[in-house]
Trainee: 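Please see the structure below; I have some questions.
Quick note: residue numbers are just sequence positions, from 1.
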Amino acid sequence: MAGGWSRDGAVNEQIDASIQDELLRLKARRGPVGESLTHCAECDEPIPERRRAAIPGVKLCVDCQQERDGRPVARGGVNRRGSKDSQLK
């Protein structure tokens, strides 16, 4: 059921398109490449053998990777909200 000026199913199509865009973005994200390091590139702590075997090309220890993953990442995207205010910015 659509409301206002939208056709039936338009909201679900927008949600599906947003999910597909995010999945494609995650798939395109580069992973580690090359040979794994034996010691972390940031703190110089040893990287466990099991981590190096699980993630080929790993450069960071678990603690440094978690810290890096926790940093906010600014990224643009397609505005699918459709509100007039969001389109005026």
Trainee: Mind checking side-chain contact (heavy atoms from CB on, under 4.5 Å) for L24 and listing every partner two or more places apart, or none if nothing turns up?
Mentor: none
Trainee: Of all residues at least two apart in sequence or in a different chain, which pass the salt bridge (charged side-chain N to carboxylate O under 4.0 Å, His left out) check with E45?
Mentor: none
Trainee: Below 3.5 Å, can you tabulate the donor-acceptor pairs from side chains in residues 48-65 to any protein atom, sequence neighbours excluded?
Mentor:
unit_1	atom_1	unit_2	atom_2	d
E49	OE1	R52	NH1	3.3
E49	OE1	R52	NH2	3.0
R51	NE	L60	O	3.0
R51	NH2	L60	O	3.2
R52	NE	I47	O	3.1
K59	NZ	V33	O	3.2
K59	NZ	E35	O	2.9
K59	NZ	G57	O	3.4
Q65	NE2	D69	OD1	3.0

Trainee: Looking at every non-hydrogen atom in both residues, tell me the closest pair between C40 and C43 and how far apart they are.
Mentor: SG-N, 3.5 Å
